[in-house]
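Read through the structure below, which is laid out as structure tokens, and then see the notes.
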Amino acid sequence: MDKTIVHESKAIADADAEFLGYQKTSDGRIIPLYNIIVEHHPLSGSTVTRERLLALKLRIPDTR
């Protein structure tokens, strides 16, 4: 069963990713998910967590 909650994303000029929505993990945590939108980035188009964006030193969009 897919537990992703999708929200309409807003284009943010200062971000390297767009916010997709939240996903509930098997242990009950809720995590935000993002798509990397940086052109020519090796992971462009990939869906990742906030922690992965931080590890890649990419700018994170507002999730509101």
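Rounding to the nearest 0.5 angstrom, the gap separating the OH atom in Tyr22 from the CD1 atom in Ile30 is 9.0 Å.
Applying the salt bridge (charged side-chain N to carboxylate O under 4.0 Å, His left out) test to every pair with at least one member in residues 25-35, sequence neighbours left out, gives these pairs: Asp27-Arg29.
When every heavy atom of Ala15 is checked against every heavy atom of Pro61, the shortest pair comes out as CB-CB, 3.7 Å.
Panel note: side chain Asp16, backbone Arg59; a donor-acceptor pair is recorded below 3.5 Å.
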Give every donor-acceptor pair under 3.5 Å between a side-chain atom in residues 35-47 and any protein atom, sequence neighbours left out.
{"unit_1": "Asn35", "atom_1": "OD1", "unit_2": "Thr47", "atom_2": "OG1", "d": "2.5"}
{"unit_1": "His41", "atom_1": "ND1", "unit_2": "Leu43", "atom_2": "N", "d": "2.9"}
{"unit_1": "Ser44", "atom_1": "OG", "unit_2": "Val38", "atom_2": "O", "d": "3.1"}
{"unit_1": "Ser46", "atom_1": "OG", "unit_2": "Leu43", "atom_2": "O", "d": "2.9"}

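Ile60 is linked by a side chain to side chain contact (heavy atoms under 4.5 Å, CB included) to Tyr34, Arg50, Leu53, Leu54, counting only residues two or more places apart in sequence or in another chain.
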